Amino acid sequence: MTTSFGAATASAAITKDPKLQIHKSFNGLKTASNSLLLTQRPQPRVYRSSSASVIRAVSTPVKPETSVEQKRSKVEIIKEHSNFIRYPLNEELLTDAPNINEAATQLIKFHGSYQQYNRDERGAKSYSFMLRTKNPCGKVSNKLYLVMDDLADEFGIGTLRLTTRQTFQLHGVLKQNLKTVMSSIIKSMGSTLGACGDLNRNVLAPAAPFYRKDYLFAQKTAENIAALLTPQSGFYYDMWVDGEQIMSAEPPEVVKARNDNSHGTNFPDSAEPIYGTQFLPRKFKIAVTVPTDNSVDVFTNDVGVVVVSDADGEPQGFNLYVGGGMGRTHRLESTFPRLAEPLGYVPKEDILYAVKAIVVTQRENGRRDDRKYSRMKYLLSSWGIEKFRTVVEQYYGRKFEPCRELPEWEFKSYLGWHEQGDGGLFCGLHVDNGRIKGTMKKTLREIIEKYNLNVRITPNQNIVLCDIRQAWKRPITTALAQGGLLQPRYVDPLNVTAMACPALPLCPLAIAEAERGTPDLLKRVRAVFDKVGLKYNESVVIRVTGCPNGCARPYMAELGLVGDGPNSYQIWLGGTPNQTSIARAFKDKVKIQTLEKVLEPLFYHWKRKRLSKESFGDFTNRVGFEKLGELVDKWEGIPLSASRYNLKLFADKNTYEAVDALARIQDKTAHQLAMEIIRNYVASNQNGRIE
C-alpha cells in the first residue's frame with residue numbers, strides 16, 4: 001500500500017536557510033529535488049518576498065533507497081494498514097466477544113468511540129463503549145437531543161454527559177448495540193465522526209445564540225472549519241449505515257478550499273485529500289470566538305480563531321493563535337501544557353485556506369515516533385513561532401499580517417435568562433460536572449420536547465435552551481425550579497466555574513477521582529472559605545482531572561487538582577479567571593484527605609494580603625511559589641479570633657514580655673494566655689463582683 005506519510009511541501013528558500021534546520025526527530029521538510037512545481041492559487045494582496053515566490057511541493061515523494069526509515073509509533077502502523085480506518089475494526093465488530101482487539105480499539109476512536117470497562121468491578125472485565133458526538137459550536141437540534149436522551153436510557157447508563165468541548169458523551173454502550181446507537185445518531189443528523197482520534201476534533205465557538213454579526217460569523221466559521229476537516233473517505237458511513245451517505249450539502253466555499261491544491265497541501269489521488277492514509281500525528285483542536293468572549297478557553301487549542309470586526313461591527317478577518325494544548329505526563333518535564341501564541345491576521349475570505357495550511361504543517365512535521373510529543377505544541381516549542389509561521393506561509397501562499405489589537409478577555413458562562421436579539425430568549429442552565437441524570441434529565445426532556453427547543457452545550461459543561469418565546473419564560477422557569485435546575489443566583493459561585501473530567505470508574509487513564517469526588521471537594525473548599533472569612537460571593541476557578549492528560553483543562557485553573565496517585569493530587573496554581581494565564585505545579589502527592597492543610601493557609605493569606613480586586617490566581621503569581629510554600633509548611637492554624645476584632649491586648653512591651661514568659665512555661669502563646677486570663681476573669685465576675 002502506498003502511504004501518504006512523509007508527504008511534504010517547502011520552498012527552496014526554506015530548505016537552504018541554515019536557521020531553519022529541522023530537528024532530526026521530526027519528519028520535516030524535504031528538499032525540492034523530487035518536487036512537483038504547482039500553480040499558485042490567485043490571491044488578492046499577496047505579500048511575499050521574492051525568495052519565496054516559487055512554491056514547490058510533493059504529494060508522494062519517492063525516497064532514495066539509501067534514505068533512513070523514520071521511526072513510527074505502533075498507531076502509525078495501524079493507521080497505514082487500516083484501509084482508511086476500516087480494518088480490522090470491521091471484522092472485530094462482527095465477533096461475539098464483548099470487546100475488540102488493540103488495533104480496532106485505536107481505529108474506533110476515529111469513529112467517535114472509546115472502549116472502556118468498569119474499574120470498580122472485580123473479576124472479569126465488563127467491557128462497554130463510550131460514544132462522543134461531534135457538535136460544532138455545541139449546537140444540538142431538538143430531534144438529536146431527544147434521540148440522545150432515549151439512547152442513554154435504552155443503551156447507556158441512563159445519563160448524558162456534557163463535555164468541555166461542547167459535545168455529548170454516552171457511556172455504557174455494549175458492543176452488540178454499537179451499530180444501532182451509531183446509526184440512530186447519524187439518521188438524526190448527528191455524528192460521532194472525528195470526535196476522537198488523530199484528526200480535527202469538535203470545533204468550539206461561543207454557545208450563546210446572540211443575533212449579532214460577530215457571534216453569527218464566529219459560529220458559521222466554526223461550522224465551515226469543521227466541514228473542511230471532516231474525513232472524506234466514507235469509512236464512517238460504511239461501518240455504521242452500510243455506506244449510506246446521510247449529510248447536508250456543504251457550503252461551496254468549503255468544497256473549494258478543501259479541493260484547492262495550489263500550494264501542495266493535498267494528496268491529489270487520495271480518498272482523504274487533506275489527511276491521507278496517516279491522518280494527523282495526534283488529536284487537533286480548534287476554537288473560534290469573538291473579542292472579549294473567552295468562554296471557549298481559546299488559548300488551550302492547537303488553533304485559536306478570533307473574529308476581528310470594523311467599527312460598524314462588520315467582520316473583516318481573524319486573528320490566529322497556534323500551539324496551545326493541555327496534555328502532559330507526570331515526572332516527564334519534557335511534556336507540558338502550553339498556551340497558544342499569535343500567528344497573524346488573515347482576511348475573512350482566507351480563513352479556510354489559512355487553517356488548512358496550519359493543519360498541513362502539523363501533518364507533515366509533527367512527530368510520529370512518540371505520541372507523547374506528537375501534538376502541535378511540541379512542534380511550536382521546537383521550531384519557534386517565526387519558523388513555524390514561515391512554513392505555514394508556504395502552504396497558505398501569502399504572508400500573515402500582524403495580529404490586530406484586542407480588548408481584555410472575560411470568561412462568560414451565559415447562565416440565566418438573556419435576550420437573543422431577535423425577540424426570543426435563551427436560558428443557560430448550570431449542570432454540575434456536565435452530568436445530566438435523574439430528575440434533571442426528566443425535566444429537561446419534558447421542557448425541550450414540549451416547547452420544541454434547540455439546545456447548545458457550553459465549553460464549561462453547561463446547557464443552553466434556545467429560541468424561547470417571551471410567553472414561555474414563566475412556565476419554563478417554574479418547571480426548571482421543580483426539577484432542581486437552579487437559577488444562577490442560587491448556585492454556589494465555586495460550582496459555576498468548576499469543571500471535572502469523568503475519570504473513575506470508566507476512564508482507563510484515570511489514576512484518581514475527578515467527577516465523583518468534585519461535589520464533596522467544592523463543599524470542603526467552601527468550608528475553608530467560611531473558616532478564613534471569605535465571602536460567599538467570592539470564588540476561585542477549580543478544575544479537577546483524574547490524570548495529567550488535562551481533559552478538564554486544569555492547567556488554566558486558579559486551583560487545579562491533577563490526579564497523581566490513588567486519592568492523591570498534584571496541586572497547580574496561577575491560572576486566572578479569564579483563562580489567559582497558565583498555571584504551574586505547586587505541590588505533588590497531596591492526599592485528598594489532607595487538602596485543607598494546603599488550602600487553608602493559601603486562602604487565609606489571600607484574604608488578608610491581596611491587592612484590591614486581586615484574584616486568587618493573580619495573588620499566587622505575585623507572591624510567588626517559594627513564599628507560598630513557606631506559608632503552607634509553617635502553617636499552624638488560623639490565629640485566634642482576637643486579631644479579627646482588632647483587639648490590642650498589650651499596652652506596653654514589658655507586660656507582653658512578662659506574659660510571654662509565663663505562656664512559654666505552659667506551652668502557649670502570649671496571646672493565648674492573655675485571652676485565657678481575660679475569659680477566667682469575666683467568668684468569675686458574672687454577677688458584677690469579683691470572687
Side-chain angles (χ1 to χ4, degrees), residues 1-10 27 29-30 34-43 55-62 76 79-86 107 110-111 134 136 191 193-194 197-201 203 223-239 243 245 247-284 286 302-303 349-366 368 376 391-392 394-397:
M1 177 182 293
T2 301
T3 171
S4 60
F5 177 69
T9 299
N27 179 40
L29 299 172
K30 313 297 190 298
N34 298 321
S35 61
L36 172 68
L37 185 63
L38 296 172
T39 306
Q40 293 183 17
R41 163 171 59 94
Q43 285 288 333
I55 293 186
R56 299 177 182 276
V58 292
S59 292
T60 50
V62 179
E76 291 298 317
K79 287 187 288 186
E80 178 181 351
H81 294 100
S82 70
N83 186 22
F84 293 103
I85 318 301
R86 292 177 173 86
L107 297 180
F110 290 76
H111 296 257
K134 206 167 184 184
S191 177
L193 172 59
D198 299 342
L199 70 176
N200 181 52
R201 301 289 186 88
V203 181
E223 291 170 329
N224 284 351
I225 290 172
L228 171 74
L229 299 176
T230 295
Q232 300 295 300
S233 53
F235 63 83
Y236 180 68
Y237 299 99
D238 287 350
M239 199 76 66
Q245 295 285 328
M247 61 178 68
S248 55
E250 292 181 318
E253 62 267 31
V254 171
V255 177
K256 182 180 178 183
R258 181 189 299 121
N259 293 336
D260 178 81
N261 197 29
S262 306
H263 303 296
T265 52
N266 290 17
F267 300 101
D269 301 319
S270 174
E272 291 291 351
I274 295 177
Y275 291 129
T277 64
Q278 298 308 115
F279 288 77
L280 298 180
R282 210 54 174 77
K283 67 179 77 170
F284 199 88
I286 300 174
D302 291 275
V303 183
E349 60 271 12
D350 275 6
I351 185 60
L352 297 180
Y353 299 94
V355 168
K356 182 180 174 184
I358 297 168
V359 169
V360 171
T361 299
Q362 163 66 354
R363 182 193 76 195
E364 292 304 316
N365 301 287
R368 294 180 183 263
M376 195 173 77
V391 175
V392 173
Q394 303 306 307
Y395 292 114
Y396 174 37

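Just so it is clear, the structure is predicted and the values come from calculations on it, not from any experiment.
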- Item | E272 vs S233, side chain to side chain donor-acceptor pair (under 3.5 Å): CA-CA, chis, key distance, verdict | CA-CA 6 Å; E272 291 291 351; S233 53; 2.5 Å; yes
Less than 4.5 Å apart, side chain to side chain, heavy atoms only: is that true for [X] and [Y]?
{"X": "R86", "Y": "D238", "result": "yes"}
{"X": "F84", "Y": "P231", "result": "no"}
{"X": "L352", "Y": "V254", "result": "yes"}
{"X": "F279", "Y": "I85", "result": "yes"}

Might you point out which heavy atoms bring [X] and [Y] nearest each other, and give the distance in Å?
{"X": "E250", "Y": "A227", "answer": "OE2-O, 3.7 Å"}
{"X": "I286", "Y": "N200", "answer": "CD1-OD1, 3.4 Å"}
{"X": "F267", "Y": "I274", "answer": "CE1-O, 3.8 Å"}
{"X": "A257", "Y": "Y353", "answer": "CA-CE2, 3.8 Å"}
{"X": "G264", "Y": "Y395", "answer": "O-CE2, 4.1 Å"}
{"X": "L280", "Y": "L199", "answer": "CD1-CA, 3.9 Å"}

Measure from the side-chain N and O atoms of [X] to the backbone N and O of [Y], and report whether any donor-acceptor pair falls under 3.5 Å.
{"X": "R258", "Y": "T230", "answer": "no"}
{"X": "Y275", "Y": "D198", "answer": "no"}
{"X": "K79", "Y": "Q278", "answer": "yes"}

Hey, what do you get for [atom1] ([X]) to [atom2] ([Y]), rounding to the nearest 0.5 Å?
{"X": "I358", "Y": "Y396", "atom1": "CD1", "atom2": "OH", "value": "10.0 Å"}
{"X": "D260", "Y": "N266", "atom1": "CG", "atom2": "CG", "value": "7.0 Å"}
{"X": "L229", "Y": "K356", "atom1": "CG", "atom2": "NZ", "value": "9.5 Å"}
{"X": "H81", "Y": "N83", "atom1": "NE2", "atom2": "CG", "value": "11.5 Å"}
{"X": "K134", "Y": "R201", "atom1": "NZ", "atom2": "CZ", "value": "9.0 Å"}

- Carefully, step by step, assess E253 and K256 under the rule salt bridge (Lys or Arg N to Asp or Glu O under 4.0 Å). CA-CA 5 Å; E253 62 267 31; K256 182 180 178 183; over 6 Å; no
- Does the side-chain contact (heavy atoms from CB on, under 4.5 Å) test come out yes or no for F284 and R363, once each step is laid out? CA-CA 10 Å; F284 199 88; R363 182 193 76 195; over 6 Å; no
- Query: H111 vs Y236 aromatic rings, parallel, tilted or perpendicular, using cut-offs 30° and 60°?
  - Reply: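 If you compare the ring of H111 with that of Y236, the planes turn out tilted.
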